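Data block below; observations after.
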Amino acid sequence: MELKVLDHPLVSHKMTVLRDKNTNSTVFRQLVDELVTLLAYEATREVRIEPTEVETPITTTKGVKLSSPKPMVVPILRAGLGMLGGMTRMVPSAEVGFVGMIRDEETLEPTTYAERLPHNLAGRQCFVLDPMLATGGSLGGCVQFLANRHADDVTCLCLLAAPQGIEKFSHLVDDLKIKTTLVVAAVDEGLNEHGFIVPGLGDAGDRLYGIVD
């Protein structure tokens, strides 16, 4: 697994505002959208392309286009949906699938409760969206799910990550023997006794969409 941490003053500034408990949902969603666009720029650095030819108003010239099959963007429900707009803005031709995973608050282990993906992902680059990499189980479980459908090139985009989550995620995906990249905006200090990232930004899903009772 390759880890990439964005080092950019705009990212740091936006993350600071995102962390603020007084930042309302409207601004929070806007910031997430902007941050994901910046993350996507780095995450797609090795997106597959192929030669093409285009006719300009002056002449014909050579260029490139995204290769087929199209990239697959996979937000993890529900918080990952808040990252979808920023990602598809960068790669509008990508197709979108969904995986729903929930974490047991006692065992901290993830389970899949919903999915909408092709049965065969062979040859497709997959980009997984999940705001928080805390314990690493949900994101690692999603990559395992994709690997079971023959994905062999997966890039994960997260706003925040805890060192414990990075370590567990790396362990889970390294066993899969597929190309995996993790792109994050920041790495925080660690986890508290409830498995939340510290200092973190709270529950990303609740801050994006409100609290669900």
Side-chain angles (χ1 to χ4, degrees), residues 4-49 65-102 112-118 121 124-134 138-139 142-143 145-146 151 153-161 180-186 197 200-212:
K4 296 182 179 180
V5 183
L6 267 63
D7 181 15
H8 194 286
L10 281 179
V11 172
S12 299
H13 164 71
K14 293 177 189 297
M15 284 301 306
T16 299
V17 182
L18 200 70
R19 293 180 190 274
D20 190 336
K21 68 178 183 180
N22 296 313
T23 297
N24 62 42
S25 291
T26 301
V27 176
F28 192 92
R29 286 193 293 269
Q30 180 182 344
L31 285 167
V32 168
D33 188 75
E34 293 171 357
L35 281 163
V36 174
T37 300
L38 295 171
L39 284 168
Y41 181 82
E42 181 61 38
T44 56
R45 187 173 295 277
E46 296 184 18
V47 70
R48 293 170 185 160
I49 55 175
K65 64 179 180 178
L66 293 182
S67 299
S68 295
K70 297 176 181 178
M72 174 68 64
V73 178
V74 185
I76 298 180
L77 303 177
R78 70 179 166 135
L81 288 175
M83 303 173 69
L84 184 56
M87 185 68 193
T88 55
R89 186 175 299 108
M90 287 292 290
V91 196
S93 62
E95 295 184 353
V96 180
F98 300 92
V99 173
M101 307 197 79
I102 190 167
T112 303
Y113 66 85
E115 63 87 8
R116 185 67 174 173
L117 287 167
L121 293 169
R124 304 190 73 158
Q125 287 180 295
C126 296
F127 296 87
V128 179
L129 311 178
D130 195 13
M132 315 287 282
L133 176 57
S138 295
L139 192 61
C142 181
V143 175
F145 188 89
L146 299 178
D153 189 336
V154 181
T155 299
C156 300
L157 289 74
C158 300
L159 299 176
L160 281 182
T180 310
T181 305
L182 175 62
V183 183
V184 302
I197 299 176
L201 49 78
D203 187 295
D206 288 348
R207 297 195 66 185
L208 281 163
Y209 303 117
I211 297 173
V212 177

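These figures come from a predicted structure and were not determined experimentally. Heavy-atom basis, side chains included; hydrogens, waters and symmetry copies ignored.
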Problem set entry | Residue among L84, I76, V99 satisfying side-chain contact (heavy atoms from CB on, under 4.5 Å) with L129 | L84

Does the side chain of [Y] come within less than 4.5 Å of [X]'s, by heavy atoms?
X: V91; Y: K70; answer: no
X: P118; Y: M72; answer: yes
X: C142; Y: D130; answer: no
X: V96; Y: M87; answer: no
X: F98; Y: P75; answer: yes
X: H8; Y: L38; answer: no

Problem set entry | By side-chain hydrogen bond (donor to acceptor under 3.5 Å, both in side chains) - contacts of E34 (at least two apart) | K14, Q30

Problem set entry | Contacts of type side-chain hydrogen bond (donor to acceptor under 3.5 Å, both in side chains), residue R45, not counting sequence neighbours | E42

Check: [X] side chain, [Y] main-chain N or O, donor-acceptor pair, under 3.5 Å:
X: Q125; Y: T155; answer: no
X: R19; Y: G200; answer: yes
X: S25; Y: R207; answer: yes

Exercise. Does the side chain to side chain contact (heavy atoms under 4.5 Å, CB included) test come out yes or no for L208 and R78, once each step is laid out?
Worked result: CA-CA 10 Å; L208 281 163; R78 70 179 166 135; over 6 Å; no

Least distance between heavy atoms, [X] atom then [Y] atom:
X: M83; Y: P131; result: SD-N, 3.4 Å
X: D33; Y: G85; result: OD1-C, 3.5 Å
X: L182; Y: C158; result: CD1-SG, 4.0 Å
X: Y113; Y: M101; result: CE2-N, 3.4 Å

Exercise. Passes side chain to side chain contact (heavy atoms under 4.5 Å, CB included), L159 versus L39? Steps please.
Worked result: CA-CA 8 Å; L159 299 176; L39 284 168; 3.9 Å; yes

Seminar exercise, completed: Sorted by chain and number, sequence neighbours left out, salt bridge (charged side-chain N to carboxylate O under 4.0 Å, His left out) with R29 holds for none

Exercise. Could you go step by step and tell me if L35 and V11 meet the side chain to side chain contact (heavy atoms under 4.5 Å, CB included) rule?
Worked result: CA-CA 7 Å; L35 281 163; V11 172; 4.0 Å; yes

For this session: Take L18 and T23, measure what side chain to side chain contact (heavy atoms under 4.5 Å, CB included) needs, and give me the verdict at the end.
Result: CA-CA 7 Å; L18 200 70; T23 297; 5.8 Å; no

